[in-house]
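Structure first, commentary second.
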Amino acid sequence: MTGWRDEEMAGSQSEAYIALGSNIGDREGLLLSALDSIDGHPGISLERFSGIYETDPVGYNDQPAFLNMVIAVRTTLEPLELLRELQKLELKLGRTREIRFGPRTIDLDLLLYEEVVMDLEELTLPHPRMMERAFVLVPLNDVLNRAHPLAEQAGKASQEAFRQGKEGIALWKNIQHTTTSLRSASERFES
């Protein structure tokens, strides 16, 4: 990191992984808006992002296909604080919760936070269903730190899901996997 972000992020930082999904409206635009807002938060710094994958809906099938991706961030926020910031962002971007697994403008799920294991009513870490879902595993494998304890398991599950075309997963747009500037990310999305 360079510049003003160094000073803001000078406190104790933790690595976290966030899944993003959208299937209503301008799906790509909503993902970019979420990335911009996350990276613009003073306690969060975007480190790496996956390609964008298009997937069939899971659970409730009568809805459009999703665009999904996963990002790795550094944060000074504790897990519950980070979750609450993500939920505020979902509301800002028009998220409603009418049908379980139903259509949504944006979905932001906290998948992993360092090696934290917790099981609270509000938050379970690691995310309880992430290892079952190709739309999470494949993009997570793009950005997961290879030293993470789940890296090998996630890699194998991702390869199997992608090979089998599980959930109709297909790469929709490939972008660079690392960046220190969201402006660079936006330029890669546009090219």
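Count residues from 1 along the sequence.
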pair T76-S12: side-chain heavy atoms closer than 4.5 Å | no
What pair of heavy atoms forms the shortest contact from A134 to P139, and how long is it?
-> O-CD, 3.8 Å
Should L120 and V117 be regarded as members of a common hydrophobic cluster, given that ILVMFWY residues are connected when their side-chain heavy atoms come within less than 4.5 Å of each other, either directly or indirectly?
-> no
From L82 CG over to L77 CG, what is the distance, rounded to the nearest 0.5 angstrom?
-> 5.5 Å
Under 3.5 Å, is there a donor-acceptor pair linking the side chains of Y113 and E115?
-> no
Step by step, work out the side chain to side chain donor-acceptor pair (under 3.5 Å) result for Y17 and D109.
-> CA-CA 9 Å; Y17 296 88; D109 287 328; over 6 Å; no
Give, for atom OG of S37 and atom CG of L46, the distance between the pair rounded to the nearest 0.5 Å.
-> 12.0 Å
Shared hydrophobic cluster, V143 / M131 (ILVMFWY, side-chain heavy atoms < 4.5 Å) | yes
Could you give me the CA-CA distance, side-chain angles and deciding distance for L31 and N68, then say whether side-chain contact (heavy atoms from CB on, under 4.5 Å) is met?
-> CA-CA 8 Å; L31 292 177; N68 294 286; over 6 Å; no
So CG of L150 and CG of N145: to nearest 0.5 Å the spacing works out to 11.5 Å
So, are R84 and E78 salt-bridged, with charged N and O less than 4.0 Å apart?
-> no
Does the pair R146/E152 count as a salt bridge with the N-to-O cut at 4.0 Å?
-> no
So CD of Q153 and CG of L144: to nearest 0.5 Å the spacing works out to 10.5 Å
Verdict with supporting geometry, L110 and H127, side-chain contact (heavy atoms from CB on, under 4.5 Å) | CA-CA 7 Å; L110 181 54; H127 191 285; over 6 Å; no
same_hphob_cluster(L89, F49) at 4.5 Å side-chain heavy-atom cutoff = yes
ILVMFWY network linking W172 to I71, side-chain heavy atoms under 4.5 angstrom = yes
Would a 4.5 Å heavy-atom cut-off, applied to side chains only, mark E15 and R74 as touching?
-> yes
Roughly how far, to the nearest 0.5 Å, is CG of L140 from OG of S50?
-> 9.0 Å
Does the pair R129 and E132 meet the rule for a salt bridge (Lys or Arg N to Asp or Glu O under 4.0 Å), with working shown?
-> CA-CA 6 Å; R129 293 172 300 281; E132 304 164 8; 5.9 Å; no
Using a strict cut-off of less than 4.0 Å between a Lys/Arg side-chain nitrogen and an Asp/Glu carboxylate oxygen, indicate whether E160 and K156 qualify as a salt bridge.
-> no
Given the rule in the side-chain contact (heavy atoms from CB on, under 4.5 Å) test, do L111 and V136 qualify, once you have shown the distances and angles that lead to the verdict?
-> CA-CA 9 Å; L111 303 174; V136 172; 3.7 Å; yes
Rounded distance (nearest 0.5 Å) linking atom CG of L108 with atom CD of E90 = 4.5 Å
Test item: S22 and D107 side chains (from C-beta on) under 4.5 Å apart, heavy atoms = no
T75 (side chain) donor-acceptor with S14 (main chain) under 3.5 angstrom | no
Just by modelled atom types, is the P64 backbone N or O under 3.5 Å from a matching donor or acceptor in the N23 side chain?
-> yes
Just by modelled atom types, is the V73 backbone N or O under 3.5 Å from a matching donor or acceptor in the R48 side chain?
-> no
Work out which heavy atom in A34 is nearest to a heavy atom in I106; give both atom names and the distance.
-> CB-CD1, 4.0 Å
Sub-4.5 Å side-chain heavy-atom contact between L171 and I52 | no
Is H148 reaching over with its side chain to a backbone N or O of E114, donor-acceptor style, under 3.5 angstrom?
-> yes
Closest heavy-atom pair and its distance - L125, P79 = CD1-CB, 4.0 Å
Is the backbone N or O of G51 less than 3.5 Å from a side-chain atom of D142, with the two atoms forming a donor-acceptor pair by type?
-> yes
Do L123 and I18 sit in the same hydrophobic cluster, where Ile, Leu, Val, Met, Phe, Trp and Tyr count as joined when their side-chain heavy atoms come under 4.5 Å apart?
-> yes
